[in-house]
Amino acid sequence: MKKAKKVSIKLILKVLWIIYACYSLISWLPMADHLISKDYEQISQCISLNDSWDIRINGKSYEDIKLEDFRFGPMRKGDQIIMERILPDNWSIVEGALRIHIRQSAISLFVDGKKVYTYGYDRAAFGKTVGSGLQFINFPKDYQGKLLTIQMELCEDYAFTKFDPVRIYEWKNAYRALMTENRMPMLFGSFLVIFGLATAMVTIFAVVFSIKYIRLLCISIFSICIGLWTLCYYNVIMIFSIPLYSVSLMEYISLYLCPIPLTVYMYEDVKGLNSSLLKKLYWILLTVQVSSTAAILALHTKDIVHFAATLKYMQALIVICLIYFIMIVLLNLKKSGQMENRLFLIGMLVIGSCIAHDLFVYCSDRYFGRPVPTVRGLSCLGVIIFIFILIVSFYMNLTRKLMWETERNSLIKSAYTDELTHLHNRRYCMEYINKIKQEQDRDFTVICFDLNNLKMMNDTYGHAKGDILIKSAAEVLAQTFESYGVVARMGGDEFVAVIKTSDTGKVEALMQDFQNNIDKKNEQMEGLHMSIACGYASGSAQEADIDKIYQLADDRMYENKKQMKQARSK
């Protein structure tokens, strides 16, 4: 009853601590957000160029277009788009930066017919990917009132079905405005990458010593992939001046790799269900993930098929993986009902909902041209919650396994340990001797011992005194021989030592130390009068039969015991 009460108090304290930690996080996040965004109103001042456009798409003209209201059907690789409008006659920005979103297109900008910027045509000419993302283009004040022309040539099928906003920012504020708009993805993505790298650096070495840490390594890799994808997708990584096509490459690779570490993480859960069908499905899914990712990477490297063309297939595979994972978690929950399975199920539902939300938003925007107002970085936030749950689940599972291993080791130790002396017992000694037989390349010495006068001690002073004598003998034996081999109590007053040498000089020196230690123990404990008969024999496992060596040592021990008895009777 007391134990149950103690456990419930600990559980309540843990729950209260989690509530406090969550409350602290929730209360601090708005303050941190305010510190980042407090001057956003000032740095985000810009000139919007979203109206009064004349647009030609493959020769078809549209006049006086407002970009946010304009939609068009899916376009194919090689299609041409030309956009024109007169720039405002005046603006207060002196050193301007035109922010334009490039989506898998080669692009050129002209001001009054003079080319001021070009991107992607050289790569498109060789069939290479041009990528997607924001670009900031130098746009000085003397462009006022002039004709701005934007020419685009699509480099991938179905790249987009609407135009993104076109704006002019103060150059010094352009990147700050971008970072502030995407502050949540920036914070979450950076956290995931840093956490993943730090954890991976530790666990990659831990895995060498114990495979049990492979799941924690999977969490680390998954965290890095999601964090890197977030930083690339929301253009946060652009502050490092990385080329646009390289940013897109990192975005696709990190996204395509995401399911693999998560699938490896799930292996233990699939294995625990003992279902051959689920195991087959698992290996099929993992094989498809690895082979398809490798094949797509190879095709992209050879510029045969780019990542952008295979994105929808990978999105479908991610959805299939999520469905499979949720099914495995539900089955494990039904089977065991363990707390970590409940937590994992919650995590899978959270991340599944967040990814499904972002997939819907992405597809709605890209394929149907209908943007959905949403919270930026929702997937990333879901992944952070999921990774936190994974870590908690991992450590709960690890703690349970460690407790099981500790209990198992304790049982093994008790099976091979003499309860009274804490030396090895007969079973351990015989297994050790059999091991020497198999190795056949070790020199050894077997020493047999017999504790004198144990029966007399038990009969005269009681078994408690006899136990003291046995323990004292065990201490002397361990002190003398344990660092050189194995010392075991064979039962009653009999002991054995098997040491890893057959050198006569070393053995004689040890026997002398043994006798000296007996004398010291007798001096320390008044009335002990400990006396031990012994005999030894040496040999090599390759040349001699260890059983015969053991028998010879035992015979010599009994000869010594007889001599000691005769000496006492004189």
Side-chain angles (χ1 to χ4, degrees), residues 40-75 78-121 130 132-155 158-178 180-181 235 244 364-373:
Y40 176 67
E41 186 175 344
Q42 178 183 351
I43 64 175
S44 63
Q45 293 180 2
C46 63
I47 300 165
S48 176
L49 302 179
N50 289 334
D51 55 1
S52 304
W53 287 93
D54 294 332
I55 299 173
R56 292 195 300 277
I57 301 177
N58 292 328
K60 188 175 181 179
S61 298
Y62 305 87
E63 295 181 353
D64 196 20
I65 295 299
K66 196 172 183 179
L67 296 184
E68 56 261 35
D69 298 333
F70 186 64
R71 303 289 183 272
F72 47 90
M75 300 184 65
D79 286 352
Q80 303 281 337
I81 298 176
I82 299 175
M83 305 168 60
E84 291 184 337
R85 68 154 289 168
I86 301 296
L87 293 169
D89 291 330
N90 57 75
W91 61 67
S92 57
I93 296 172
V94 178
E95 294 183 12
L98 182 74
R99 190 172 89 174
I100 187 168
H101 203 136
I102 298 172
R103 295 183 182 271
Q104 301 294 342
S105 304
I107 185 170
S108 293
L109 266 69
F110 300 86
V111 175
D112 273 357
K114 181 181 178 182
K115 185 183 292 186
V116 297
Y117 175 81
T118 186
Y119 169 79
Y121 286 98
V130 297
S132 298
L134 289 174
Q135 287 289 78
F136 291 97
I137 303 163
N138 183 38
F139 222 70
K141 192 173 182 179
D142 54 13
Y143 287 170
Q144 293 176 358
K146 296 181 179 179
L147 177 66
L148 172 64
T149 304
I150 302 174
Q151 293 183 357
M152 286 183 279
E153 181 179 331
L154 271 67
C155 300
Y158 312 117
F160 57 94
T161 57
K162 74 176 188 65
F163 296 111
D164 295 283
V166 181
R167 300 167 184 165
I168 303 173
Y169 286 87
E170 190 81 46
W171 184 264
K172 64 181 181 180
N173 294 328
Y175 285 99
R176 287 184 64 195
L178 174 64
T180 307
E181 289 171 1
N235 298 289
L244 194 61
S364 177
D365 185 33
R366 177 175 177 179
Y367 301 118
F368 302 102
R370 300 190 179 279
V372 179

*For Ser105, enumerate each residue passing the side chain to side chain donor-acceptor pair (under 3.5 Å) test, keeping only those at least two apart in sequence or located in another chain.*
none
*Minimum side-chain heavy-atom gap Ile100-Phe139 below 4.5 Å*: no
*Tell me, which pairs form a side-chain hydrogen bond (donor to acceptor under 3.5 Å, both in side chains) where one or both residues lie in residues 136-145, sequence neighbours left out?*
none
_side chain to side chain donor-acceptor pair (under 3.5 Å) partners for Gln42, two or more places apart_ = none
*asked:* Thr118: which residues meet the side chain to side chain donor-acceptor pair (under 3.5 Å) condition with it, sequence neighbours left out?
replied: Ser108
*What residues form a side chain to side chain contact (heavy atoms under 4.5 Å, CB included) with Leu147, not counting sequence neighbours?*
Glu84, Ile86, Asp112, Thr149
*Can you sort out the partners of Asn50 under side chain to side chain donor-acceptor pair (under 3.5 Å), two or more places apart, ordered by chain and number?*
Ser48
*Before accepting this row, confirm whether a basic side-chain N of the pair Asp64/Lys66 lies closer than 4.0 Å to the acidic partner's carboxylate O.*
no
_For Ser44, side chain to side chain contact (heavy atoms under 4.5 Å, CB included) partners two or more places apart_ = Tyr40
*Who are the ring-ring contact (aromatic ring centres under 6.0 Å, His included) partners of Tyr121, not counting sequence neighbours?*
none
*Can you sort out the partners of Asp54 under side chain to side chain contact (heavy atoms under 4.5 Å, CB included), two or more places apart, ordered by chain and number?*
Glu63
*Take Gln135 and Ile107 through the test side-chain contact (heavy atoms from CB on, under 4.5 Å) and record every step on the way to the result.*
CA-CA 11 Å; Gln135 287 289 78; Ile107 185 170; over 6 Å; no
Side-chain donor-acceptor pairs under 3.5 Å in residues 165-177, sequence neighbours left out?
from   : atom 1 : to     : atom 2 : distance (Å)
Arg167 : NH1    : Tyr169 : OH     : 3.2
Arg176 : NH2    : Asp39  : OD2    : 2.3

Output side-chain donor-acceptor pairs under 3.5 Å for residues 89-97, partner residues at least two apart or in another chain, one line each.
from  : atom 1 : to    : atom 2 : distance (Å)
Trp91 : NE1    : Ile93 : O      : 2.9

*Taking ring-ring contact (aromatic ring centres under 6.0 Å, His included) as the test, write out the residues that go with Tyr117, two or more places apart.*
none
*Is any side-chain heavy atom of Ile81 less than 4.5 Å from a side-chain heavy atom of Phe163?*
yes
